Every structure is written in C-alpha cells, then in structure tokens.
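When a residue number appears, it is its place in the shown sequence, counting from 1. This structure is a prediction, so every number in the text was calculated from the model and none was measured. What's counted below: heavy atoms across the whole structure, side chains too, no hydrogens, waters or symmetry copies.
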Amino acid sequence: MKINTFFIFLVLLGLTACKNDNVVSKIDPNAQDVPMVSEDQLHPEANIGPAPSTEVKAPAVTNGQYPVMQFETPAHDFGKIKSGDKVSYDFKFTNTGTGDLVIANAVGSCGCTVPEYPKEPVAPGKSGVMKVTFNSAGKSGMQQKTVTITTNTKAQKEQLTIKAAITPQSGLVGH
C-alpha cells in the first residue's frame, strides 16, 4: 500500500510540475523565448522542391511598348534516357512584340536543370535561343522540370517545361 501511495504522489508531483510555465523565465527573469527553428532551416539541403526564390525584377518597358516572347514550343519531352545522361534542348523564340525583349534571369526548378539565355536585348522581329540542359544523375522514373524566365514582357514571367523517362544504366540493376 505504501508503494501505491508513493507512486500516486510521484504522478501528482509530475503533473503539477508540468504546468505550461516559461521555464527559462524561472531561471532568468530577463530571459526571452527563442523562436522555434523549422527542420528546413536546420537542414536546407534536405529540402525537396523548387529552388529558393532569388527574386529578380523584370526590366522596365520602354515607351509603353511591350516585347512578346513567342516560343516555337514551350515544352520538350526527351523521351527515355539513361540515369546519368546529360541532355540539352534549344528552345527557339521570336520577339513578336513592339519593344526590345530583355531577359533578366532564368532559373531551373532544381539544380539539375540549367538554362542559358541571351544577355543582350532581342529586337522586335528578331529571334533567340534558350538552351536548357538537364542532368539526370541520381534521378529515376518520370521527371518533369520547369524553367522560369524573368523578362520585360507584359506578364514579366515566362515558363518552359522539360520532361524525361529515366531508366537505370545497364549493369547497375541489383547493386
């Protein structure tokens, strides 16, 4: 009976000691709570998904004349490729608008997708190429990636899409 009474006493002591008080302020009355840090902040390399935004503003439009970035195709399917292959596609575009087209930035949705774009303005009626390279190393199955382009078009953002079905390299099965 003494053991049961002692056990009940310990449980009651534990319950009263676990009130939702700020423990830090009991140690130092001038202390302040520290905000919680998310798992993403502790381990940013573990984040899966779009690359962090590095916001780049589109260049200003000249004299109210907007360029129009018209792609021959805004999407490309590489089909079946082997894991580890690096493949590229040239997205051809024409400025069908009335002002010079300026590409301020182009960013892939992950580090495996790298765009190359013209750094000089593209005059109305002129064409250009945005080369997108996809590195399939470490990838498998169906993959779809995007490239977001910051421009001085009316929309200020344009988007391209690539996809591929990635198969394991021969000789790697079962390892």
Query raised in the report: Any side-chain heavy atom of P67 within less than 4.5 Å of one from N152?
Result: yes
Query raised in the report: Do K157 and I149 touch side chain to side chain, with heavy atoms closer than 4.5 Å?
Result: no
Requested in this report: Without swapping roles, check the side chain of S83 against the backbone of I166 for a donor-acceptor pair under 3.5 Å.
Outcome: no
Report task. Could you check if a side-chain atom of V122 sits within less than 4.5 angstrom of a side-chain atom of S127, using non-hydrogen atoms only? Result -> no
Query raised in the report: Could you walk me through whether L160 and I162 pass the side chain to side chain contact (heavy atoms under 4.5 Å, CB included) check?
Result: CA-CA 7 Å; L160 301 173; I162 58 169; over 6 Å; no
Query - Side-chain (T153) to main-chain (Q156) donor-acceptor, under 3.5 angstrom - result: yes
Report task. Let me see the working for V147 and T113 under side chain to side chain contact (heavy atoms under 4.5 Å, CB included), right down to the final yes or no. Result -> CA-CA 8 Å; V147 173; T113 306; 3.8 Å; yes
Report task. Not counting sequence neighbours, which residues clear side chain to side chain contact (heavy atoms under 4.5 Å, CB included) with T96? List them please. Result -> V68, Q70, T94
**Report entry** Those residues that, when tested against S140, pass side chain to side chain contact (heavy atoms under 4.5 Å, CB included) (two or more places apart)
**Finding:** none
Report summary line: Taken in chain and number order and not counting sequence neighbours, the residues that satisfy ring-ring contact (aromatic ring centres under 6.0 Å, His included) with Y117 are none
Query raised in the report: So, do P118 and F93 sit near enough that their side-chain heavy atoms are less than 4.5 Å apart?
Result: yes
Query raised in the report: Aromatic rings Y89 and H76: how do their planes relate, parallel, tilted or perpendicular, breaks at 30° and 60°?
Result: parallel
Report summary line: For S136 and I81, the nearest pair of non-hydrogen atoms, with its separation, is CB-CD1, 3.9 Å
Query raised in the report: Are any of the side-chain heavy atoms of T150 and I103 separated by less than 4.5 Å?
Result: no
Query raised in the report: Quick one: CG on D100 to NZ on K126, what's the gap to the nearest 0.5 Å?
Result: 11.5 Å
**Report entry** Partner set under side-chain hydrogen bond (donor to acceptor under 3.5 Å, both in side chains) for K145, not counting sequence neighbours
**Finding:** Q143
**Report entry** Partner residues of A165 under the side chain to side chain contact (heavy atoms under 4.5 Å, CB included) criterion, sequence neighbours left out
**Finding:** K80, M142
Query raised in the report: Can you find a pair of side-chain heavy atoms, one from K92 and one from V129, that are under 4.5 Å apart?
Result: yes
Query raised in the report: Okay, side chain of T98, backbone of Q65: is any donor-acceptor separation there less than 3.5 Å?
Result: no
Query raised in the report: Measuring from E158:CD to F91:CZ, what's the distance to the nearest 0.5 Å?
Result: 13.0 Å
Report task. Check whether any side-chain heavy atom of T151 sits under 4.5 Å from a side-chain heavy atom of V102, and report yes or no. Result -> no
Requested in this report: For P115 and A106, work out which heavy atoms get closest and say how close.
Outcome: CG-O, 3.4 Å
Requested in this report: Please identify each residue that fulfils side chain to side chain contact (heavy atoms under 4.5 Å, CB included) with K131, with sequence neighbours left out.
Outcome: S88, D90, E116, T133
Requested in this report: Please assess C112 against K139 for the test side chain to side chain contact (heavy atoms under 4.5 Å, CB included), listing each intermediate value before the final yes or no.
Outcome: CA-CA 9 Å; C112 62; K139 308 271 188 254; 3.6 Å; yes
**Report entry** With F134 via ring-ring contact (aromatic ring centres under 6.0 Å, His included) - residues at least two apart
**Finding:** none
